[in-house]
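Report on one structure; see the data block that follows.
Please read these numbers as outputs of a predicted model, since none were measured by experiment. Below, read A as the first sequence line, B as the second, and so on, with proteins coming before strands; counting in each chain starts at 1.
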There are 2 protein chains.
Amino acid sequence: MEPKTNLTDLNVSDFAMAFEELTRLFIRMPSIEKLSFTTLSVLHTLSLRSPMRLSELIATEQVTQSAITQLVIRLERDGLVERRPDPSDGRAVLVHITPQGVSVIDSRRSERIMRIAKLIEGLSPEERGAIASALPALTRLAELGNE
Amino acid sequence: MEPKTNLTDLNVSDFAMAFEELTRLFIRMPSIEKLSFTTLSVLHTLSLRSPMRLSELIATEQVTQSAITQLVIRLERDGLVERRPDPSDGRAVLVHITPQGVSVIDSRRSERIMRIAKLIEGLSPEERGAIASALPALTRLAELGNE
DNA sequence: GACATTTATATAAGTAACTGATATAATTTT
DNA sequence: AAAATTATATCAGTTACTTATATAAATGTC
């Protein structure tokens, strides 16, 4: 019998190392799309909540207001979002994700899921179980990270 | 007593969703550096193994050979790597990471570790334990992903 | 062992996506 | 109403990419 390690405290450095690798792996995964990282991040944000103002998008991304304005114009040109006026504020622009925009995110997600499934096949049932048990905690960690 | 869920099979879609958020969180984390994603990725690769040929770096990144050549020239200009001839092949260039290059990676890593530590404080001991138990499996998953 | 092919990198020219500075127009504050 | 603030757009300049092509060393051919 192996010792119960469930109460072992979490070594932050080990965690960071593991996630450094996983993050790289994750980012590289869906290699088909030709969209930049920032572009995909904006689309992803909009896939969680749409519409959003340009100013709200600026807060979530790490680029300037000018960059977001131009990026959203390109996204609209490509049919992935629509820009509409905000009835409650004549200055503002509400960015709506289009069905086509949603499908970009969805298809990337399903490609990622397929590839992850292949990797997971290489794990033992115990390893899979350990990850499954940690998922709720990992999800909560991500939530904490979004303030 | 809670049911033993260690043998529960891992739901890939849940896993992908959790990691989608964690990846975004992770990427945004060290916001100080002004280096592009590809640049940091090359530096990180070199922090794991140095020297490497340009051609090897091309294989690990998702940009063209031309882009890598230019990127490494910029990294050398900034003192983060050195380009030296390969004694065993007159065509090749060996890219060595410099101490300054290593320190870029290290300081990003420690900043990330500090921020993660803060987040982890918000988890319960049980949650921390669950993640700790999953770390070996997650590390192996990342290894599987690197072929 | 010259000749053709392949491999490793560099260079050139063009483009896309950013930055910083400034402009415009709507809203809010005084 | 005027002044200050906020939300977005525009402009000019820069950086990091792309594709196509060049160069030079190594390898394979006969």
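Under 4.0 angstrom from either OP1 or OP2 of C:dT9 there lies no side-chain N or O belonging to B:Thr69. Side-chain N/O atoms of B:Ser36 include none lying less than 4.0 angstrom from OP1 or OP2 on D:dA16. For D:dT18, the OP1/OP2 oxygens have a side-chain nitrogen or oxygen of B:Thr64 closer than 4.0 Å. Proximity of B:Ser66 to the phosphate of D:dT18: no side-chain N or O atom is located under 4.0 Å from OP1 or OP2. In terms of phosphate contacts, A:Arg74 brings a side-chain nitrogen or oxygen within less than 4.0 Å of OP1 or OP2 of C:dC18. Taking 4.0 angstrom as the limit, B:Ser55 places a side-chain polar atom (N or O) nearer than this to OP1 or OP2 of C:dT9. For B:Arg83, a side-chain nitrogen or oxygen approaches OP1 or OP2 of C:dA10 to under 4.0 Å.
Spacing between atom CG of B:Leu71 and atom C1' of D:dT15 amounts to 11 Å, rounded to whole angstrom units. Distance, A:Ile58 CD1 to D:dA9 C1': 11 Å, rounded to whole Å. C:dG20 atom P lies 14 Å from atom CD1 of A:Ile68, rounded to whole Å. Rounded to whole Å, atom P of D:dA7 lies 11 Å from atom CG of A:Asp86. Between the C1' atom of D:dA16 and the CD atom of B:Glu76 lies a distance of 18 Å, rounded to the nearest Å. Atom pair A:Arg53:CZ and D:dA9:P shows a separation of 12 Å (rounding to whole Å applied). Protein atom CG of A:Asp78 is 13 Å distant from nucleotide atom C1' of C:dA17, rounded to whole Å. Distance CG (A:Leu57) to C1' (D:dT6): 16 Å, rounded to an integer number of Å.
A:Arg140 and B:Ser124 share no donor-acceptor pair across their side chains, judged by distance under 3.5 Å alone. If you check the side chains of B:Thr139 and A:Glu21, you find no donor sitting under 3.5 Å from an acceptor. Judged by distance alone, the side chains of A:Ser66 and A:Thr69 never bring a donor and an acceptor atom under 3.5 Å apart.
Put simply, the side chain of A:Gln65 and the base of D:dA7 share no donor and acceptor less than 3.5 Å apart. Residue side chain B:Arg91 reaches the base of C:dT7 through a donor-acceptor N/O pair under 3.5 Å, judged by distance alone. For D:dA9, its base never sits under 3.5 Å from the side chain of A:Gln70 at any donor and acceptor pair.
Looking at heavy-atom distances under 4.0 Å, A:Thr38 makes contact with sugar-phosphate atoms alone, never a base. Across all strands shown, A:Ala67 has heavy atoms under 4.0 Å from base atoms, whether or not it also approaches the sugar-phosphate.
If B:Leu54 and A:Arg77 are placed on DNA chain C by their nearest nucleotide, the residue sitting closer to the 5' end is B:Leu54.
When ring centroids are compared, B:Phe19 and A:Phe19 come within the 6.0 Å threshold.
Side-chain proximity of B:Asp89 to D:dA25, D:dT8, C:dT9: nearest is D:dA25.
Within the 3.5 Å criterion, the main-chain N or O of B:Arg91 finds a donor-acceptor partner in the side chain of B:Asp89.
Here the closest heavy-atom approach between residue A:Leu94 and residue A:Pro87 is recorded as CD1-CD, 4.4 Å.
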